[in-house]
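In what follows, a single structure is set out as structure tokens and then discussed.
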Amino acid sequence: MLEPIGVRPEDEAVYRRLLSRPDASAHDLAAALDRTVTDIGASLARLAELGLVHELPGEPARMRAARPDVAIDALAERRREELARTQLAARALLTEMPAEERYRPEEIVEVLVGWAETAARFEQLLGTTRHELMVIDRPPYVADPGRSDTSVRRLLRANVRVRGLYAPEALELPGALAEVEDAAGAGEQSRVHAGLPMKLAIGDRRLAILPLGGAGVDAAVCIRPSTLLDALIQLFELLWEQATPIVLPAPADTTGDRQLAALLASGAKDDVVARRLGTSTRTLSRRIAELMDHLHVRTRFQAGVQAARLGWLQPSAHDVEGPDDRLVDR
């Protein structure tokens, strides 16, 4: 289990034993694991170097296992930093290759065949992004959404800038709108655009994954630094400027009107909004009419503008670009 972060299987067995028997001595561990005291001592020394165990005061000498949720997280973060340094060093090695070799067409574009290979490469892109992630999100999905969401949360905790452009149909899936709102609250810059032409993910402006559309086509391309990658980045920026920011209800929303205004401003359809609020579309229509009457407006667009003027809506806390009253008229 812990081999990916540098812990040998025999050392992990000692660590697990110490977790269940905190006061075990080296002799106790040797007897329980059918190993020599010398072997146990070597394992304890390696575990101590990794920060997974520490020595207790007093005699005889005893070791105590560190809390796994703290120690293993720290060890995993250290390993990620080491991998990041290795990746930087690998990119620096590119300068030793002749230019004509670095920019051969087959090195710039790589074809991925099959959903499994595409999903694995997408997870790899998430795991290696260190500065900025740009995503155009629209169904269908090849990766496990839950696993991808976890990876994005890790990037946000690492202060990576994450920008997500969502197609309206992406918000129609059960739970999708709530997940996007949660991501916006966690620091993602989230916007909605009704005219997204494709799915796309770009990590650190150095690698893009572009699924190939069309019925029955289960392939994608990886694109490395080139004029093609520059064009995809520019396309993302243009779509980003045109998109509508995901807005969240302002604090102290006691009546639910601000949440309703925020959901309408997100561009979600009535059935999606109703599902998010836990109500029927008939009740939702009545609530929308009451909201428009309360705001003294005649259209949803006017309701969104008025709600923004009243301070009911605030863009994602980290989406500081663009006006906060660019709302979608449904």
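These numbers were taken from a predicted model, which means no experiment stands behind them.
A salt bridge links R153 with E179: at least one charged nitrogen is closer than 4.0 Å to a carboxylate oxygen. Under the 4.0 Å criterion applied to side-chain N and carboxylate O atoms, E132 and R206 are not assigned as salt-bridge partners. Ion pairing of E110 with R121 is present here, as a side-chain N (NZ or NE/NH1/NH2) and a carboxylate O approach within less than 4.0 Å. For the pair E49 and R8, the salt-bridge criterion is not met [side-chain N within less than 4.0 Å of a carboxylate O]. Using a 4.0 Å cut-off between a side-chain N of Lys or Arg and a carboxylate O of Asp or Glu, R286 and E290 qualify as a salt bridge. Under the 4.0 Å criterion applied to side-chain N and carboxylate O atoms, R138 and E169 are assigned as salt-bridge partners.
Taking 4.5 Å as the limit, some side-chain heavy atom of L239 sits within range of a side-chain heavy atom of P197. Side-chain atoms of V14 and R35, non-hydrogen and from C-beta on, do get closer than 4.5 Å to each other. Contact annotation: the side chain of H27 approaches that of V37 to within less than 4.5 Å [non-hydrogen atoms, C-beta and beyond]. Contact of the L229 side chain with the R224 side chain is not registered, since no non-hydrogen atoms from C-beta on lie closer than 4.5 Å. The side-chain heavy atoms of Y15 and V7, taken from C-beta on, include no pair separated by under 4.5 Å. Between R163 and W240, the closest side-chain pair of non-hydrogen atoms falls below 4.5 Å. You'll find the side chain of L133 stays beyond 4.5 Å of the side chain of I202, heavy atoms only. No side-chain heavy atom of K199 sits less than 4.5 Å from a side-chain heavy atom of I136.
Formation of a donor-acceptor pair under 3.5 Å by the R21 side chain with backbone atoms of R16 is not found in this model. A distance-only check finds a donor-acceptor pair linking the side chain of R130 to the backbone of G127 [under 3.5 Å]. Side chain of T118 to main chain of G114: a donor-acceptor pair is present (N/O by atom type, distance under 3.5 Å, no hydrogens or angles). Remark: side-chain polar atoms of D204 are paired, donor with acceptor, to backbone N or O of H131 under 3.5 angstrom.
R287 contributes atom CZ, which lies 12.0 Å from atom NE2 of H294 (distance to the nearest 0.5 angstrom). With rounding to the nearest 0.5 angstrom, the CG atom of D39 is 12.0 Å from the CG atom of L29. From L155, atom CG reaches atom OG1 of T150 across 11.0 Å, with rounding to the nearest 0.5 Å. Here the OG1 atom belonging to T129 is positioned 8.0 Å from the CG atom belonging to L207, to the nearest 0.5 angstrom. A distance of 10.5 Å separates OG in S190 from CG in D182, rounded to the nearest 0.5 Å. Rounding to the nearest 0.5 Å places CZ of F122 at 11.5 Å from SG of C222.
When all heavy atoms of A167 and L196 are compared, the pair lying nearest together is N-CD1, 3.4 Å. For the residue pair A201 and L125, the shortest heavy atom distance occurs at O-CD1, 4.1 Å. Across L228 and V109, no two heavy atoms sit closer than the pair CD2-CG2, 4.2 Å. Heavy atoms only, all atoms of each residue included: G195 and H193 are closest at N-ND1, 2.8 Å. Of all the heavy atoms in A208 and L232, the pair that sits closest is CB-CD1, 4.2 Å. For the pair A66 and G51, the tightest heavy-atom approach, listed with the atom from each and the gap, is CB-O, 3.7 Å.
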For this session: Show the numbers, then the answer: is there a side chain to side chain contact (heavy atoms under 4.5 Å, CB included) between S285 and I288?
Result: CA-CA 5 Å; S285 296; I288 292 174; 5.7 Å; no
For this session: Could you give me the CA-CA distance, side-chain angles and deciding distance for L200 and V135, then say whether side chain to side chain contact (heavy atoms under 4.5 Å, CB included) is met?
Result: CA-CA 6 Å; L200 178 67; V135 174; over 6 Å; no
Exercise. What do the steps show when you test T227 against D230 for side-chain hydrogen bond (donor to acceptor under 3.5 Å, both in side chains), and what is the final call?
Worked result: CA-CA 5 Å; T227 54; D230 293 341; over 6 Å; no
For this session: Would you check, one step at a time, whether the test side chain to side chain contact (heavy atoms under 4.5 Å, CB included) holds for D137 with V180?
Result: CA-CA 11 Å; D137 185 299; V180 171; over 6 Å; no
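L212 and L112 fall into different hydrophobic clusters, where Ile, Leu, Val, Met, Phe, Trp and Tyr residues are linked whenever their side-chain heavy atoms come under 4.5 Å apart, directly or through other members.
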